[in-house]
Amino acid sequence: MKIVTVVGARPQFIKAAALSRVLRGAHREVLVHTGQHYDPLMSDVFFTELQLPRPDYELGISGGTHAQMTARMLVALEEVFAKEKPDAVLVYGDTNSTLAAALTAVKMCLPVIHVEAGNRLEALTNPEEVNRIVTDHLSTLLFACVPSAMEALRKENLSHRALLVGDPMLDVFLYYRAKDAFHLPQTLPGLDGQHCRLPQTYVYLTCHREENTRDDETLAQILLALESLPVPTLYPVHPRNRETALRLRERLRLRRVCLIEPVGYLESVALVTHAQRVVTDSGGVQREAFFACVPCVTVFPYAIWPETMAGGCNVLAKPEKADILAKLQTRPEWPEGSNPFGDGHACEKIVSALTERFILL
Ligand code: UD1
Ligand code: UDP
């Protein structure tokens, strides 16, 4: 079977690294990179360190409004699909690249396979929610990471297309942990070109969501909370809010929050694993904190990964200094029993289900 996989954003490169390894053992994969993330530290670094095969197509589409980006992707992807004539198109998660690929494929009568299906916030104000809903409803096969996602798919009458397989992000995490690949760097490149020494104890912050970065005041509240902690904070800054973060560093005279360049996956997980606490709005980072048993505060109005919230392991905070500081006091109780994110073999389950079910499509 010939499958065209479409990726474009940082978390998709990480998931694709895990799935491509297995997929290519059983099927022919053509990899398309839309270009949504393009800085070397947002793209190349993942291909290199996770040995993801180079893309067969690089579309170079990024930036602009959601409509502009998505529209350009629709046109370019149609050409690729017409040329490749795949048996199916595989997409991950909820980015504009995901939506564009699903929509293009369906219009060309190609089956869509959606990995990381079923997550819901019940809020269309979140820019990714519409991508998730539309992609799920257009897909022929839906692979859910967690029981809550299966339940959401059931409520939308999509159970017959869905399978609970576990989380490919857990597969990647366990794969590299077994290889002892999570090494802490001694120093980290600061946004100003100066290096910052790794503190013994620190909080790891990632924050890039449109909800938290669209105005200076929201991000300022988050940074002020972290600045007031007794331990330093390490904050690899997403290019989306690089200028804002630099501006706020001056305005708020930040001393304890260290703004650093984005790091690679292996360093990011090493930094999560050794952090005293994680503060984030990232879907991936809140799961990694859970996998590593590091208490997490998610600055976001919605629980996108409710399974991480058992026992207070991950708590939601408003983007307000007082609320973030209060939530950082939470003392989690780690749940016992089986991991709701699976057993680290989600990718094998996806590939065997795909092979079996495809015959019936
Ligand atoms: C996207 C996803 C989000 C995901 C995130 C992962 C959508 C709607 N959102 O958000 O779900 O959590 O990726 O990181 O698809 N930029 C650069 N260099 C880059 C990448 C982006 O400068 O390498 C700039 C872009 O030009 C753009 C801004 O950052 O102006 C935002 O990028 P975009 O891809 O639109 O959204 P993300 O915030 O990255
Ligand atoms: N990550 C990374 N470098 C960074 C910040 C995050 O490699 O500087 C990793 C992180 O460990 C996780 C993934 O990127 O594996 C999450 O991606 P992101 O936060 O961009 O997107 P989301 O998961 O929110 O969609």
Side-chain angles (χ1 to χ4, degrees), residues 6-18 33-46 48-50 60-70 72-73 91-101 116 119 121 126-132 134-135 145 167-173 176 182 185 188-189 191 204-214 234-244 259-273 275 278 280-292 294 296 298-300 304-305 308:
V6 179
V7 293
R10 171 165 71 186
Q12 296 170 333
F13 308 139
I14 297 166
K15 289 159 208 165
H33 184 337
T34 60
Q36 182 170 348
H37 287 176
Y38 52 90
D39 288 346
L41 294 178
M42 294 295 290
S43 177
D44 294 357
V45 64
F46 301 100
T48 309
E49 73 173 3
L50 305 180
I61 299 167
S62 62
T65 63
H66 287 268
Q68 287 165 344
M69 187 196 294
T70 312
R72 290 168 63 213
M73 286 176 185
V91 296
Y92 295 94
D94 55 15
T95 69
N96 291 341
S97 301
T98 313
L99 174 69
E116 208 179 277
N119 298 74
L121 308 182
N126 170 257
E128 288 80 24
E129 182 80 345
V130 63
N131 297 350
R132 291 181 204 109
V134 174
T135 304
C145 299
D167 186 357
M169 287 295 270
L170 179 63
D171 291 22
V172 196
F173 178 91
Y176 285 103
F182 301 138
L188 294 148
L191 276 198
Y204 187 55
L205 167 70
T206 78
C207 184
H208 69 274
R209 293 268 162 208
E210 200 163 303
E211 288 88 339
N212 288 332
T213 59
R214 63 164 73 102
L234 297 176
Y235 176 19
V237 180
H238 188 293
R240 163 193 275 281
N241 55 294
R242 185 187 176 98
E243 297 311 316
T244 316
L259 306 185
I260 58 175
E261 295 286 352
V263 294
Y265 169 79
L266 299 175
E267 279 190 359
S268 181
V269 180
L271 288 165
V272 167
T273 306
V278 167
T280 191
D281 57 10
S282 156
V285 173
Q286 61 186 275
R287 273 127 85 202
E288 285 158 355
F290 182 79
F291 302 158
V294 176
C296 182
T298 295
V299 186
F300 204 55
I304 185 154
W305 295 100
T308 60

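Just follow the structure's listing: the first ligand is 1, and inside any ligand the first atom is 1.
Residue contacts with ligand 1, taken as heavy atom pairs separated by less than 4.0 Å, involve Pro11 solely via side-chain atoms from C-beta onward.
Protein residues lining ligand 2, listed by chain and number: Arg10, Pro11, Ile14, Phe46, Met169, His208, Arg209, Pro236, Pro262, Val263, Gly264, Tyr265, Ser268, Ser282, Gly283, Gly284, Val285, Glu288 [non-hydrogen atoms, distance under 4.0 Å].
Judged by a 6.0 Å distance limit and a 45° cone about the ring axis, Arg10 is not positioned over the six-membered ring of Phe46.
When only interatomic distances are considered, the shortest N/O to N/O separation between His208 and ligand 1 falls below 3.5 Å. Taking any N or O of Arg240, backbone or side chain, at least one lies under 3.5 Å from an N or O belonging to ligand 1. For ligand 1, one of its N or O atoms has an N or O atom of His37 under 3.5 Å away. Backbone and side-chain nitrogen or oxygen atoms of Arg10 are examined, and none is located within less than 3.5 angstrom of a nitrogen or oxygen of ligand 1.
Judged by distance alone, with hydrogens and angles left aside, the side-chain atoms of Glu49 form a donor-acceptor pair with the main-chain N or O of Tyr265 at under 3.5 Å. In this structure, the side chain of Ser282 engages the main chain of Gly284 through a donor-acceptor pair within 3.5 Å. With hydrogens and angles disregarded, a donor-acceptor distance shorter than 3.5 Å links the side chain of Thr308 to the backbone of Trp305. Within the 3.5 Å criterion, the main-chain N or O of Leu41 finds no donor-acceptor partner in the side chain of Asp39. Of the possible polar contacts, one joining the Thr273 side chain to the Val269 backbone as a donor-acceptor pair under 3.5 Å is found. At distances below 3.5 Å, at least one donor-acceptor pair connects side-chain atoms of Asp281 with backbone N or O atoms of Arg209. In this structure a side-chain-to-backbone donor-acceptor pair under 3.5 Å is present from Thr98 to Thr95.
When only non-hydrogen protein atoms are considered, atom 17 (C) of ligand 1 lies nearest to Tyr38 OH, 3.1 Å. In this structure, atom 1 (C) of ligand 1 lies nearest to the protein heavy atom Gln36 NE2, 3.8 Å. Looking only at heavy atoms of the protein, atom 2 (C) of ligand 1 is closest to Glu128 OE2, 3.7 Å.
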Next item on the list: Step by step, work out the ring pair (Phe, Tyr, Trp, His ring centres under 6.0 Å) result for Tyr204 and Tyr235.
Entry: CA-CA 6 Å; Tyr204 187 55; Tyr235 176 19; 9.1 Å; no

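Heavy-atom proximity to atom 27 (C) of ligand 1, evaluated over Gly35, Gly63, Ser43, Ser62, is greatest for Gly63.
There is a side-chain donor-acceptor pair under 3.5 Å between Gln36 and Ser97. With no hydrogens or angles considered, no side-chain donor-acceptor pair links Asn241 and His208 at under 3.5 Å.
Every atom of ligand 1 is numbered from 1 in the order shown, and the set under 4.0 Å from a heavy atom of Met42 is 23 (O). Residue-ligand proximity, Arg209 to ligand 1, at heavy-atom distances under 4.0 Å covers atoms 11 (O), 12 (O). Here is the list of ligand 1 atoms found below 4.0 Å of a heavy atom in His66: 8 (C). Atoms of ligand 1 lying under 4.0 Å from any heavy atom of Asp94, numbered from 1 in the order shown and given with element: 11 (O). The Asp39 neighbourhood of ligand 1 comprises atoms 17 (C), 18 (N), 19 (C), 22 (O), 23 (O), with distances under 4.0 Å to a heavy atom of that residue. Ligand-side atoms of ligand 1 in range of Thr95: 2 (C), 7 (C), 15 (O), range being under 4.0 angstrom from any heavy atom.
Under the 30°/60° scheme for interplanar angles, the aromatic rings of His238 and His37 are found to stand perpendicular.
Listed by chain and residue number, nothing satisfies the ring pair (Phe, Tyr, Trp, His ring centres under 6.0 Å) test with Tyr176 (two or more places apart in sequence, or in another chain).
Within 4.0 Å of atom 22 (O) of ligand 1, at least one protein heavy atom is present. At a distance under 4.0 Å, a protein heavy atom can be found next to atom 9 (N) of ligand 1.
Of the listed residues (Val299, Val272, Val285), just one forms a side-chain contact (heavy atoms from CB on, under 4.5 Å) with Thr280, and that residue is Val285.
Heavy-atom separations between Met69 and ligand 1 include at least one value shorter than 4.0 Å. Not a single heavy atom of Arg242 lies less than 4.0 angstrom from ligand 1.
Side-chain atoms of Met169 and Phe291, non-hydrogen and from C-beta on, do get closer than 4.5 Å to each other.
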